[in-house]
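Numbers for residues simply follow the sequence, beginning at 1. We use all heavy atoms of the structure for the numbers below, so side chains are in, but hydrogens, waters and symmetry mates are not. Counting starts at 1 for both ligands and their atoms, in listed order. This one's a predicted model, so the numbers in the text were calculated from it and none came from an experiment.
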Amino acid sequence: MAKKFFIKTYGCQMNVHDSEYMAALLKGMGYIPTTSKEEADIILLNTCTVRKKPEQKAYSFLGRLKYQKRHRPLIIGVGGCLAQQQGELLLKRMPHIDFVFGTHQIYRLPEIISKLNKKGKVCETNFSYQLEPPKGVIPTFNKFRAYITIMQGCNNFCTYCIVPYVRGREVSRRSESILEEAKRLLDMGVKEIILLGQNVNSYGKDRREEISFAELIRRVGNLPKLRRLRFLTSHPKDLTLDLIKTFKEVGTLCEQIHLPVQCGSNRILKKMNRRYSREDYLKKIEMLRKVCPEIAITTDIIVGFPGETEKDFKQTISLLQEVSFDDIFAFKYSDRPPAKAVGFKEKIGEEIKAERLAAVHEVQAPITKAKNREKVGQRLEVLLDDYSKRGEMGLSGRTRCNRVVNVRAEASLLGHLVEVEIDEALSHSLRGRIIKVLD
Ligand code: 5AD
Ligand code: SF4
């Protein structure tokens with residue numbers, strides 16, 4: 001009987017995509033996927049350390065796995081940022097883990113697993129800067145929407161952030177290789193591509209011969225079979241006018257951007273080493289909206305950064321009111337050693353952080369709701385890329401502005417672009433009726 005694998009993923013879309021590769025590589029070794037960890041022969045954890053919460057969740061999941069291993073032969077591997085950071089320490093702390101593989105070691109998974117038989121425990125956490133995916137491995141959980149990693153790592157060293165330490169310095173892939181991968185995916189029927197990187201809009205800066213990110217958007221965006229293009233995540237300081245203009249020039253580029261601002265106070269932005277001011281950020285928002293009036297803009301907010309006064313915090317609140325984001329992701333600051341802010345004095349108490357987080361949500365919730373309500377009555381293009389999680393509805397998909405829409409539809413429409421009239425706005429999704437099939 002074929003052996004089964006189960007992968008648990010924490011964190012961002014980069015991690016979700018890395019898990020797609022892990023799954024594809026395991027399938028290549030003859031394993032088949034299972035949704036039940038109780039029947040898996042190998043369990044992989046793809047971990048995240050960007051904030052305390054996902055890290056704690058990974059530790060508690062790992063703790064519980066100890067009991068599973070008592071009853072049956074089971075291989076447990078830990079990858080991702082926690083694996084990169086802790087390395088051998090994880091094997092020492094939790095002897096039921098068989099192997100640990102870092103953020104640059106994913107493509108070597110088959111080799112690492114075969115080493116287990118000879119060596120017992122294995123820990124591989126070198127930064128290899130090997131970015132080219134293995135040929136013939138197709139990493140996609142979804143048949144119609146696919147991710148392509150265009151660069152790894154980050155050089156920005158925001159003082160709160162662990163990413164540069166666990167993902168290494170910025171390295172961009174060659175544009176020809178990105179274009180080849182995109183064409184391969186499109187030939188397989190993919191309609192939407194999402195270009196991924198910790199800091200996508202500094203793409204190419206580490207390679208003199210390479211094209212700019214804006215040019216990459218033009219080249220990928222104009223591939224004949226592509227219907228939709230998105231990218232994630234952008235740093236405000238690297239959002240050039242040239243890039244902003246692609247929202248107008250490139251028809252496939254969806255009207256949506258995630259642009260983390262983190263906070264609204266210039267004093268705190270400086271301490272965070274973000275290298276833009278509140279005014280710079282607002283100017284970029286204005287430019288985006290001028291070039292592309294219908295663009296949906298989302299952001300990340302951190303509350304309770306060390307030294308954040310009530311006055312600083314009020315500026316975050318006023319920024320939310322001023323920009324009127326389509327949606328936000330807000331977090332309480334947590335220390336992430338070895339990030340620099342761990343050493344900053346004037347830490348903010350948990351209670352105040354919780355209060356500020358609640359205040360942020362209170363201000364944003366009606367804005368998000370109103371932005372969703374604006375969609376009611378509109379006819380929007382939706383790529384039906386999955387079965388609906390709402391039982392009574394048939395399929396779900398996303399609008400170009402990245403809203404999730406549920407519709408009643410036959411499974412035969414899966415993978416099609418349709419025009420939907422929006423009937424109802426819920427807090428995190430929309431509902432609608434199909435007006436016509438577009439392809
Ligand atoms: N504490 C809280 N939030 C953090 N983020 C990154 N590091 C921290 C930290 N130490 C948030 C930022 C970033 C998102 C991915 O996670 O908002 O944009
Ligand atoms: Fe972290 Fe800043 Fe790099 Fe984003 S830009 S990954 S927040 S260091």
Pairing of [X] and [Y] as salt bridge, 4.0 angstrom limit:
X	Y	value
Arg218	Asp242	yes
Glu192	Arg398	no
Asp280	Lys237	no
Glu294	Arg400	no
Glu279	Lys283	no
Asp335	Lys347	yes

At less than 4.0 angstrom from any non-hydrogen atom of [X], what atoms of ligand 1 do you find?
X	value
Asp300	13 (C), 14 (C), 15 (C), 17 (O), 18 (O)
Gln262	12 (C), 13 (C), 17 (O), 18 (O)
Arg336	10 (N)

Aromatic rings Tyr21 and His17: how do their planes relate, parallel, tilted or perpendicular, breaks at 30° and 60°?
perpendicular

Report yes if some heavy atom in the side chain of Lys37 is under 4.5 Å from a heavy atom in the side chain of Lys8; otherwise report no.
no

Test the Arg336-Tyr165 pair against the cation-pi criterion, namely NZ or CZ under 6.0 angstrom from the six-membered ring centroid and within 45° of the ring axis.
no

What atoms in ligand 2 come closer than 4.0 Å to a heavy atom of Arg274?
2 (Fe), 7 (S)

Which atoms of ligand 2 have any heavy atom of His235 under 4.0 Å away?
5 (S)

Reference residue Gln105; test side-chain contact (heavy atoms from CB on, under 4.5 Å); the match among Asn126, Thr125, Val100:
Asn126

Region of Phe331 that comes within reach of ligand 1 [heavy atoms, distance under 4.0 Å]
side chain

Just to be sure I'm reading this right: ignoring hydrogens, which of Ser334, Gly11, Pro337 gets closest to atom 1 (N) of ligand 1? Compare them by their nearest heavy atoms.
Ser334

Please tell me whether Thr49 and Glu55 have a donor and an acceptor in their side chains that are separated by less than 3.5 angstrom.
no

Look only at interatomic distance and state if Tyr333 has a nitrogen or oxygen under 3.5 Å from any nitrogen or oxygen of ligand 1.
no

Compute the shortest N/O to N/O distance between Asp335 and ligand 1 and return yes if it is under 3.5 Å, no if not.
no

Mind checking whether Lys332 has a heavy atom under 4.0 Å from ligand 1?
yes

Closest protein heavy atom to atom 8 (C) of ligand 1, given as residue, atom name and distance to 0.1 Å
Val50 O, 3.6 Å

Please write down residue, atom name and distance for the protein heavy atom closest to atom 16 (O) of ligand 1.
Arg51 NH1, 2.7 Å

What protein atoms of element N, O or S are positioned under 2.8 Å from atom 1 (Fe) of ligand 2?
Cys161 SG

Is the side chain of Asp98 donor-acceptor paired with the backbone N or O of Lys121 at a distance under 3.5 Å, no angle test?
no

